[in-house]
Amino acid sequence: MLGLGADRLWADMNRLLAFLFHQGVLDEQFLQLQQLQDESSPNFVSEVVNIYFHESEKLLRNLRSLLMDRELLDYKKMGIHVNQLMGSSSSIGANRVRNVCVAFRAATDQNNRAGCLRALEMLEHEYCYLKNKLHELFQIEQERALAAGVRYPLQN
């Protein structure tokens, strides 16, 4: 019975991943990241993604703060933050977040505050969606590992 639960959870994981790829949320870079995970580092992907989330939230706060300062809009600094977020999003395969960063970067290059505000709103939406879906994926992965009898240290 234990094996059947693990099989069902494996299928659930694969369905969720297929959905995220079909929707363009993730790209092939996420698969490459997964290939780096093995028995010696069973939580590698979730650890890398959690670092990404931590750093991304700081960048998003900084972007919002910069955009709220109407008198001293620093488009160059915004562009630097967007580039950092775009690069880290690319490195984990967060395709839709990366794509919004491209639009955001174009708005900073044009010193377009309204465009930057729209892009930030879209960026926060895509980021939250990604975060929720990857947390769901990692939860299923933990449940699958437990159902299969594998004992990995739990993530915080």
Are Leu120 and Leu67 packed together at the side-chain level, in the sense that at least one heavy-atom pair is separated by less than 4.5 angstrom?
yes
Exercise. Checking Ser65 side chain against Asn62 main chain: does a donor-acceptor pair fall under 3.5 Å?
Worked result: no
Exercise. Does the pair Arg144 and Arg8 meet the rule for a side-chain contact (heavy atoms from CB on, under 4.5 Å), with working shown?
Worked result: CA-CA 8 Å; Arg144 182 198 56 79; Arg8 182 189 54 77; over 6 Å; no
Closest non-hydrogen atoms of Ser56 and Leu85, given as atom of the first, atom of the second and distance, are OG-CD1, 3.3 Å
I would like to know whether Leu72 and Asp69 meet side-chain contact (heavy atoms from CB on, under 4.5 Å); could you show each step before the answer? CA-CA 6 Å; Leu72 294 172; Asp69 187 353; 3.6 Å; yes
TODO: Determine whether Met78 and Arg105 make a side-chain contact, defined as any pair of heavy atoms from C-beta on separated by less than 4.5 Å.
DONE: no
Membership question, hydrophobic clusters at under 4.5 Å side-chain separation (ILVMFWY): are Phe19 and Val97 in the same one? yes
* Asked: Are Glu55 and Lys58 close enough for a salt bridge, meaning some N to O gap below 4.0 Å?
  -> yes
* Asked: Do the non-hydrogen side-chain atoms of Phe21 and Asn95 ever get within less than 4.5 Å of each other?
  -> no
Practice prompt. Could you tell me whether the side chain of Asn43 and the main chain of Ser46 form a donor-acceptor pair under 3.5 Å?
Written response: no
Side chain proximity check, Asn99 to Phe104, heavy atoms < 4.5 angstrom: no
When rounded to the nearest 0.5 Å, the distance separating SG of Cys101 from CD of Gln84 is 11.0 Å
Taking the side chain as every heavy atom from C-beta outward, state whether His125 and Glu121 have any atom pair closer than 4.5 Å. no
Requested in this report: Give the cluster check for Ile51 versus Leu134: same hydrophobic cluster or not, with ILVMFWY residues linked at side-chain heavy-atom distances below 4.5 Å.
Outcome: no
Point to revise | Verdict with supporting geometry, Val49 and Phe138, side-chain contact (heavy atoms from CB on, under 4.5 Å) | key: CA-CA 10 Å; Val49 169; Phe138 297 144; 3.8 Å; yes
Side chains of Leu36 and Val45, heavy atoms from C-beta outward: is any pair under 4.5 Å? no
* To do: Decide whether Met13 and Leu31 are clustered together by the hydrophobic rule: side chain heavy atoms of Ile, Leu, Val, Met, Phe, Trp, Tyr closer than 4.5 Å, transitively.
  => yes
Checklist line | Side-chain heavy-atom pair Ile92, Gln29 within 4.5 angstrom cut-off | finding: no
Distance col, row Asn50:CG vs Lys131:NZ, nearest 0.5 angstrom, shows 8.5 Å
When rounded to the nearest 0.5 Å, the distance separating CD of Glu136 from CG of Leu20 is 8.0 Å
### Query
Side-chain contact, heavy-atom cut-off 4.5 Å: Tyr75 with Val82?
no
With sequence neighbours left out, the residues meeting side chain to side chain contact (heavy atoms under 4.5 Å, CB included) with Ala18 are none
The reported gap from NZ in Lys133 to CG in Leu17 (rounded to nearest 0.5 angstrom) is 11.5 Å
Tightest non-hydrogen contact, residues Ser91 and Ser88, listed as OG-O, 2.8 Å
The reported gap from CG in Leu63 to CE in Met68 (rounded to nearest 0.5 angstrom) is 10.5 Å
Could you go through Asn111 and Thr108, starting from their C-alpha distance and side-chain angles, then the distance that decides it, and tell me whether this counts as side chain to side chain donor-acceptor pair (under 3.5 Å)? CA-CA 5 Å; Asn111 294 350; Thr108 64; over 6 Å; no
| field | Same apolar cluster (I L V M F W Y, side chains within < 4.5 Å links), Met86/Leu130 | value | no
Within the side chain of Tyr127, is there an N or O that forms a donor-acceptor pair under 3.5 Å with the backbone of Phe53?
yes
Has Gln37 got a side-chain atom pairing as donor or acceptor with Pro42's backbone, closer than 3.5 angstrom?
yes
Testing the 3.5 Å rule here: is there a donor-acceptor pair between the side chains of Ser89 and Tyr52? yes
Quick one, Asp12 with Leu9, criterion side-chain contact (heavy atoms from CB on, under 4.5 Å). Give me CA distance, side-chain angles, the key distance, then yes/no.
CA-CA 5 Å; Asp12 290 347; Leu9 291 165; 4.1 Å; yes
- Just do the side chain to side chain donor-acceptor pair (under 3.5 Å) check on Gln32 and Glu28 with the steps written out, would you? CA-CA 6 Å; Gln32 291 178 12; Glu28 64 281 346; over 6 Å; no
